[in-house]
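Values below: every heavy atom of this structure, side chains too, minus hydrogens, waters and symmetry copies. Each chain gets a letter, A, B and so on, in the order its sequence line appears, and its residues count up from 1.
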Amino acid sequence: MAELGVEEARSLGEMVETPLVEFKDLVVSYGPVQALAGVSGAFLPGPTGLLGPNGAGKTTLLKTLLGFLDPDRGTITAFGRDPAKEPLEVRRRIGYMPEVDCHLPGMTAAAFVAFAGELSGLPRDEAISRAHEVLYYVGLGEARYRTVETYSTGMKQRVKLAQALVHDPDLLLLDEPTNGLDPAGRDEMLALIRDISERRQMSLILCSHLLRDVEQVCENVIVFNQGRVAASGRIADLTGPRRAVYDVRVKGDATAFLTDLKDHGCEWREGEDGYRVSMSDGFGPELIFRTARESGVQVRFLRPGAETLEDVFLRALGHEAER
Amino acid sequence: MPIYEQTYRRHEARGPLRRVRFWPITREALRLILARRWFLALLVAAWLPFVVEVIRIYVVTRFPEANRILPVDGRLFGELLGWQAFFTMFITIFGGAGLVANDLRTGAILVYLSRPLTRRDYVVGKLGVPLLLNLSATLAPGLLLYAVALALAPDLFWKWDLAWIAPAVVVQSLTVSMVMSLVALAVSSLSRSVRVAGLGFFGLLIGLEVARGILYALYRRPETALLSLQADLRSLGVTLFGLADRSVNVPWAYAAAMLAAVSIGCLLVLRSRVRAVEIVQ
């Protein structure tokens, strides 16, 4: 293998760090409803999670990126091009796996994926050949001559992934790829996506409202909430050292107890049966007992738990809402 | 071995964007439609009038006196295309009603529009399906009948003053096929159900024809023909082929203008309905 010169290595380094997608002060509305309210950010090469509750604006961002929606204000570029002005040049480098079901009635998976490849600009023979390879890759090799409407939900998700992959895009947009899958199917799909990212070196944006999915595949994340970017960066940096968390159930008026906990720097939210309390740094369960005694309530249940990514992001979203 | 251990080649060759991008859409939709045997039977049945007209020409060439009962001249082609217009209605319903409706129902519209395709490519690709099917039932038998007529009865048809037949067949076939296809596609884009779209198209054609019939019966005015698509198409046929049909005896320019307005309306409907994002106000 030829060694890279200093200049080549530098330009390669710059290329690696150049964002694939950048958006600045982006405002997108559906009629009177503002779906994206002046968001800014960038997707670097590699896997990036796009996280947020339903209706946060994640899918709107993807659709703007594909040139389906025109921004009311701000800019968005993909591979240095404006999707609103050069949608075809942008879309040919993107593979899109939509959230909703999509298939052509009466078409076998092999024909469907080959057709998708041809629509993306592959020559027909190449599209057919790659369709078979991609269907084997996603685990549908044996079922590729069945019509897609006879597939289970998991198989349909894999076909959607195959049609997004067939033309070997530079960027893969995965909109809720684990929707409707059982736990085993979910793990298999995430393993597949991780493989695409790690071994195939394909950049991808994983759009999900499930923190676990994003955490399994991505190192970087952009968190959306109510049409705004609530947080962005490396997941490890965003979460920081995780706090001690306790599930607590009390008897008596909890209002004063919870207010006192907050005064001590703790945070809490209602759990399934009681409260989930994130302790402030350096404090343990003795603070809960002491506060309970001072507030006049009885601690009837206390169980230590680990702070999940969900807790961290709910905390981030909570802070965002407060701002 | 996990399934993802299996791999595929990277595709490195990325050429320039294709100029003709709609053809795969047309081809695949045609392939799916023509895979249905009953649809092939319908296409074959649409050629029955052609067979009847060939027999008619043959009989006249063998028994010239039959020409008095069954005159064989330019009008024969107009009559043939009149029959073919009837068949195009069914071909369009069964071959065109689901083209956009199915894509809206199954979400396939996103598969198309997330590719390097414009909405125009999509519409042209889908339009090509009923258009080609209808042309196979109008233009093909019309021109073939002309060729057969020239071969069987050259003394009747090999004349300069009948040279207009071929262009007239082309114009009438293209008009019938294009208008039917555009209306079917527009109606298809208004529903997510193939049945609703098919019934909508059928109801539109029949409803307007019934309305025209009632108004004509009441007022005996040929202008009522403008109300009905089929009557407008017949009106053009009357002009092109010199047929006699007093019920649609309106100036051809009016009928053509009405058909053009309908076609533009259909294109506007398609423009608003063929979108990757449905915006509910």
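- The most heavy-atom pairs under 4.5 Å with chain B, out of A:Pro98, A:Gly106, A:Pro105, come from A:Pro105.
- Among A:His132, A:Arg124, A:Met107, A:Glu89, the residue with the largest count of heavy-atom pairs under 4.5 Å with chain B is A:Arg124.
- Pairing each heavy atom of B:Val129 with each of B:Ala29, the nearest pair is CG2-CB, 3.5 Å.
- Within a 6.0 Å sphere centred on CZ of B:Arg271, heavy atoms belonging to other residues, nucleotides or ligands number 12 at most.
- At a 4.5 Å heavy-atom cutoff, the contact between B:Ile25 and chain A is made by backbone and side-chain atoms alike.
- Contact of B:Arg105 with chain A is made through the side chain alone, with heavy-atom distances under 4.5 Å.
- Residues B:Tyr112 and B:Phe22 keep their aromatic ring centres 6.0 Å or farther apart.
- The pair A:Arg212-A:Glu215 does not meet the salt-bridge criterion, since no charged nitrogen lies less than 4.0 angstrom from a carboxylate oxygen.
- For chain A, the nearby parts of B:Leu113 are the backbone and the side chain; heavy atoms of each come within less than 4.5 Å.
- For the residue pair B:Thr88/B:Asn134, the side-chain donor-acceptor check at 3.5 Å is not satisfied.
- The greatest number of non-hydrogen atom pairs below 4.5 Å with chain A, out of B:Ala108, B:Ser114, B:Gly98, is found for B:Ser114.
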